[in-house]
Each structure stands twice: as structure tokens, then as C-alpha cells.
Amino acid sequence: MTGSQALMEALMNEGVDTIFGYPGGSIIPVFDALYDYMDKVRYILTRHEQGATHAAQGYARVKGKPGVCIVTSGPGATNTITGIGDAIMDSTPLVVITGQVSDTMLGTDAFQEIDMVGITQPITKWSYQIRHASEIAWAVARAFYIAKSGRPGPVVLDFTKNAQLEQVEFKPEVCDFIRSYIPHHHLDTEAVAAAAELINSAKKPFALVGHGVTIGEAESELKAFLEKADIPAAWTMLGESAMETDYPLNMGMLGMHGNIGPNIKTNECDVLIAIGMRFDDRITGDLKSYAKQAKVIHFDIDVAEIDKNVKTTVAVLGNVKETLPAVTALLNKNEHKDWIYSFQPYKEKEFNLVINKQLNPDAGSPITMSEVVRKVSDATRSEAILVTDVGQNQMEAVRYFRFKKKRSVVTSGGAGTMGFGIPAALGAKVGAPERTVCLFCGDGGFQMTMQELGTIMQEQLGVKIILMNNNYLGMVRQWQELFWHERYSSTPLSNPDFCAIAAAYGISTSHVTERAELDAAIADMIKDDKPYLLVVECDEKGLVYPMIPAGSKVTNILIS
């Protein structure tokens, strides 16, 4: 068979059922081979290669398996860079296959030749150029193993034109070991015992729950751990749905726009237990003042994260699905009622000074993003998948959306990619067609990838898009108001008729300008599984509180 046919066979061998992408000259042989596999794989033609990578991310995040993209060379390949960079930051498994000129033309500046391996090596787990068809089975098996094992991430296979056309006798390969690659560390029983000893002696233990819990499918192991030792826990943005919103030991969100209690208590606890999180600067603020009173236990699969930002007392390396139960087995049954109750005054303070005002604003005042988010969450009985773009819409969504099910948050964390929302939402819907997918976005991010409405139209994907329009690049505007003397440079937006744009793609729409219209519009949006755009005119001067200024102590919290 040809190399292109061999690629398709290799992908089938890896259990690939969905491919996102965009064709072009240097990858035509692969798309020709794909034509004969349409009964075995679903191909989603996005409208832009960046959209293909974000869609594959959305698919991967809800499915728990690598997302796959196939694009052409040159600009087609470079258009995937943002999605690849986003995936490495958020530990999302992707396999991106790019076309390339024939090996005899490499280095000649041929038409649409780009050094994709050189460009992507810093932002992938592995980047490799397939120059001969004989390498395909080996390279594909290796790519999927690397992408999904250990700390997941993106892999790039750059596929030369001659390798696509060459004849090869294909034999599928399986990769489950690479000598130079250690995805999982052996369980260190001494570290496990040391961690358990610290927790058993703690008076004020506090757990920080990150994305690693979801990646490791360790939600039940997390609960067993927390409940045995009666440990309050808070979550990073990507770790949000690892615990249900109403879970008794769930104290709320950490970080810059997190809840007051969890941030304050980070600097009061005596043992800080980080579980599958990387101590990002948006969580820690000023590292010189972060949790200096606490002994730190760090559960992580990636040794590179240990002591990178926060000095660790005990590091427990490995997949949390294995390491958490090992520690739990050595924990004493405990109670920390007074410590847990000490979060309550901060919860009440935040409710009275921030949350209640956002969810129940004065009559006649502008619609808040917070109330829109909560109303949509309630209308879906807190069972939907939340997808966000980036900005104020993102912070309000993760603060006020509620969850009952795991793998329910798809957002761009480490990279903060505006334009992530629409393609990620369609990818999430492809990956979980049985679930309601609600995307919250702002007017800025929406316009960065709104061409993917065409993909939603073509595939008839029932994504619910809630565009909270404030006619600004809202988060930048917030910083300009608070820290740059209200000099609103390049943040006001003159916007188009968003409903007319969606209608041109055959998508149902509603435009809400008054609070009295909101409930009915949300009900109309949710009633069936057709794609829908709900545009809500929100407070142009709305600010997201609480807020910890960048680089400040986690206890330096602005609430107004």
C-alpha cells in the first residue's frame, strides 16, 4: 500500500475514530486515502487549522484520549502552532500530522516548505519528520504512546510528500516502552509514608486540586483521600470538575479571581497538599510570601514540576490514581471540624459583598455576566459541559457555573488563548454528543475564530453559544481601569450584528438586551440539541471580583 494508506491503517490501529483538519497540496495523498476510510472514522473539516487543533483539544479533554489533526504544509502547518502551544501548557494529548515537501526538496525553500520540526520542538513532547514510508508504523505508534502516557501533551509528525506516495508493506506496531522516556515513576514507599505522616500530624491540612486528577481519572481516589483525613480542598481552574460543586469538602476556587477563603487559608494551613497541579503564577501570586508557614506535599507525575516554583517538603511522584490510594491507606481517620468551619466567615463575606450583588443586581442595572452564567447552569441542572473562551467571560463562567459530573470543564488555562472557545466547544460536542455543551465567550474572542460557525453548521453540532457582549476587550479593560489610570487604549470594540452572522450560517439566535427577556431566551436555547447563539448585552463596566493583583500576595484580595 502507499504511505498514505499505511498512515490510515496505523491510525485505525490506535483506535482513532475522529480526525479534525484542513487539506492542502502537500497532504492531498493522505486525504485521498482518507476517502476510503470514511466508514471507519469521522472527519471534521474545520475552517482554519488553528480551529482544528482547538477542536481536537476539546475532543481530547472530554474523551480522555488523544485528539488528531491532519493539515498541509507551510501556513497550514504553522496555523496549528497556537493550539499546540495551548496543549503543552494544559497537558492535552494531541497528535498533529502536517504535510511536508518531498525529501529531495527539503532545505531548498520550496513552495510551502516550513521547518515544522524545528518550530515545534520547544512546544511538543516529541516532533518527528517521516521521510520514508517504512517509518510510518513505528512513528505513529510512538507518537500516540508519547502523547497519552505520563503527563499528556502534543506530538507532531511532519510527513514528507514522497513518504506519502511510496509503497510499503504495512505491519502495525505497538509502542509501550521507549528507553529514554520515563512516563511513570515507580511508587516511592518512603515518600508515601512521609506524606502520610505529615498529614496525620497536621492540624490545618489543605488540598489544592489540579488538572492531574482529571487526567488521571482519579476523582473517586481524591474523595477517598480527602474524606478519610477530613481535608478541605480547593481547585485550580482546570481542576474544577474533579469535585462536584456541592461536595462538602469543596471550598472553592484558587487564584487571581478565586474565592477569598481558599486564598487566605493557603497562607494559614500547616500542611499544603498539591495534587496534580503545577503552582502556576496565577495561583501563587508572589512566591516570596506564598504558604511559607506550611510544609508542602506535592503529588505530580512530572518530576520537572517538583521544586520548580514552590519548595516541596515531600514529593510523591506518579499518577495520582496510584499515589493517592497508597497514601490514603496509611492515613488515620481524622476530623478537622474547626479548621473547615474557619472557611465559613470568608464564604459569607464574599457572598454578601460580591456574589449576591452579581447574581441579584439591583432592578434597572445592567445585566451581569455572573447572573447569565448561573441561569444557564441552572437551566442545564448543572450537568452540562462548560467551555469558555478567555477573558472576563472565562473567569465569570468558572466562578458561577456549577457541576455534578466529571470532565465538565474545557478552558484554556496556561496559555489563555482568545479564540479557543468556538472550536473547542465543537470538539467537545463531537467527543460527548450525548451531553449539553455550553460555551461562554466575549465579543473579542468570538470574533477570533467565528469562522468555525461554518463547521458547526456543516456538522450540525448542537453547541450552545452564550456571547456576553460588553463592547470591550473586557479583561484588558479591567486592568486598564484598576492599574492604568482608566486609559482605555485599544479595548473598545465596534461590533457587528452577531445574530445576523450566526443566521447566515443557519444557526438559531436570540438577542437579549433586558433582564426580563433572559429566562425565556435561555429556555428556548436549551430546549433541543440544535446549535444556538444567545447574545446578551452585559454591563460594559463590569469587573470580576475578587481579584488578586498580578504578583501580589494571595492574601492581598480586592473585592471592590
Side-chain angles (χ1 to χ4, degrees), residues 1-49 51-53 55-56 59-60 65-77 79-80 93-106 110-114 116-117 126-145 147 154-175 427 430 455 458-459:
M1 62 178 68
T2 66
S4 296
Q5 292 168 324
L7 173 67
M8 295 310 302
E9 286 294 323
L11 294 178
M12 297 303 101
N13 193 53
E14 295 295 335
V16 172
D17 57 20
T18 304
I19 297 171
F20 302 88
Y22 204 95
S26 290
I27 201 71
I28 283 179
V30 169
F31 277 83
D32 183 70
L34 174 62
Y35 190 84
D36 293 325
Y37 286 79
M38 291 300 190
D39 59 335
K40 298 179 181 179
V41 65
R42 183 177 184 182
Y43 176 74
I44 308 291
L45 173 64
T46 59
R47 297 306 186 260
H48 192 282
E49 292 88 356
T53 54
Y59 172 91
K65 61 185 289 188
V68 179
C69 303
I70 302 179
V71 303
T72 194
S73 64
N79 281 343
T80 68
L94 292 186
V95 175
V96 178
I97 299 165
T98 61
Q100 185 55 275
V101 300
S102 295
D103 64 345
T104 56
M105 301 177 70
L106 291 171
F111 178 66
Q112 293 190 336
E113 179 194 359
I114 289 285
M116 194 61 178
V117 172
W126 186 51
S127 188
Y128 183 77
Q129 189 172 75
I130 300 173
R131 296 191 181 185
H132 300 286
S134 59
E135 301 175 278
I136 292 168
W138 170 85
V140 171
R142 188 180 178 99
F144 276 83
Y145 174 62
V155 168
V156 167
L157 294 178
D158 195 41
F159 199 9
T160 61
K161 190 77 168 281
N162 61 288
Q164 298 173 44
L165 295 170
E166 288 172 1
Q167 293 288 314
V168 64
E169 292 214 8
F170 176 77
K171 293 182 180 179
E173 292 194 19
V174 175
C175 180
V430 171
T455 309
Q458 183 165 337
E459 297 293 330

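- Between the side chains of T98 and D158, at least one donor-acceptor pair of N or O atoms lies under 3.5 Å.
- For the residue pair N162 and E166, a side-chain donor N or O sits within less than 3.5 Å of a side-chain acceptor on the partner.
- Q5 CD to M8 CE: the interatomic distance, rounded to the nearest 0.5 Å, is 10.0 Å.
- Annotation: side chain of V140 is not in contact with side chain of E173 (no heavy-atom distance under 4.5 Å).
- Proximity of I19 to L34: side-chain heavy atoms (C-beta onward) are separated by under 4.5 Å at one or more points.
- Side-chain contact check for T80 versus V96: some heavy-atom pair is nearer than 4.5 Å.
- Nearest approach of S127 to M116, heavy atoms of both residues: OG-O, 4.1 Å.
- Residues A133 and A163 come closest through the heavy atom pair CB-O, 3.6 Å.
- Q112 contributes atom CD, which lies 6.0 Å from atom OG of S26 (distance to the nearest 0.5 angstrom).
- Annotation: side chain of L45 is in contact with side chain of R47 (closest heavy-atom distance under 4.5 Å).
- Between K40 and D17 there is no salt bridge, since none of the side-chain N atoms of the basic residue sits less than 4.0 Å from a carboxylate O of the acidic one.
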message: Is there a side chain to side chain contact (heavy atoms under 4.5 Å, CB included) between Q129 and L106? Walk through the geometry before answering.
response: CA-CA 11 Å; Q129 189 172 75; L106 291 171; 3.4 Å; yes
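- Taking every heavy atom of both residues into account, A56 and C69 meet most closely at CB-SG, 3.6 Å.
- A pairwise comparison of heavy atoms in A137 and K171 identifies CB-O, 3.4 Å as the closest pair.
- The heavy-atom pair separating V68 from T18 by the smallest distance is CB-O, 4.0 Å.
- Looking at heavy atoms from C-beta onward, E9 lies out of side-chain contact with N13 at the 4.5 angstrom threshold.
- With Q164 as the fixed residue, the side chain to side chain contact (heavy atoms under 4.5 Å, CB included) test singles out one of T2, I136, I27: I27.
- The line from CG of L7 to CE of M12 is 8.5 Å long, rounded to the nearest 0.5 Å.
- Under the 4.0 Å criterion applied to side-chain N and carboxylate O atoms, R42 and E459 are assigned as salt-bridge partners.
- Between P23 and I70, the closest side-chain pair of non-hydrogen atoms is not below 4.5 Å.
- The heavy-atom pair separating A60 from P66 by the smallest distance is CB-C, 4.4 Å.
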query: Could you walk me through whether Y43 and F20 pass the ring pair (Phe, Tyr, Trp, His ring centres under 6.0 Å) check?
result: CA-CA 6 Å; Y43 176 74; F20 302 88; 8.5 Å; no
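- When side chains are defined from C-beta on, I28 does not count as touching F31, because their heavy atoms never get closer than 4.5 Å.
- Under the 4.5 Å side-chain criterion, counting only non-hydrogen atoms from C-beta, D32 is not in contact with V30.
- Aromatic rings of W126 and Y145 (six-membered ring for Trp) have centroids beyond the 6.0 Å cut-off, not under it.
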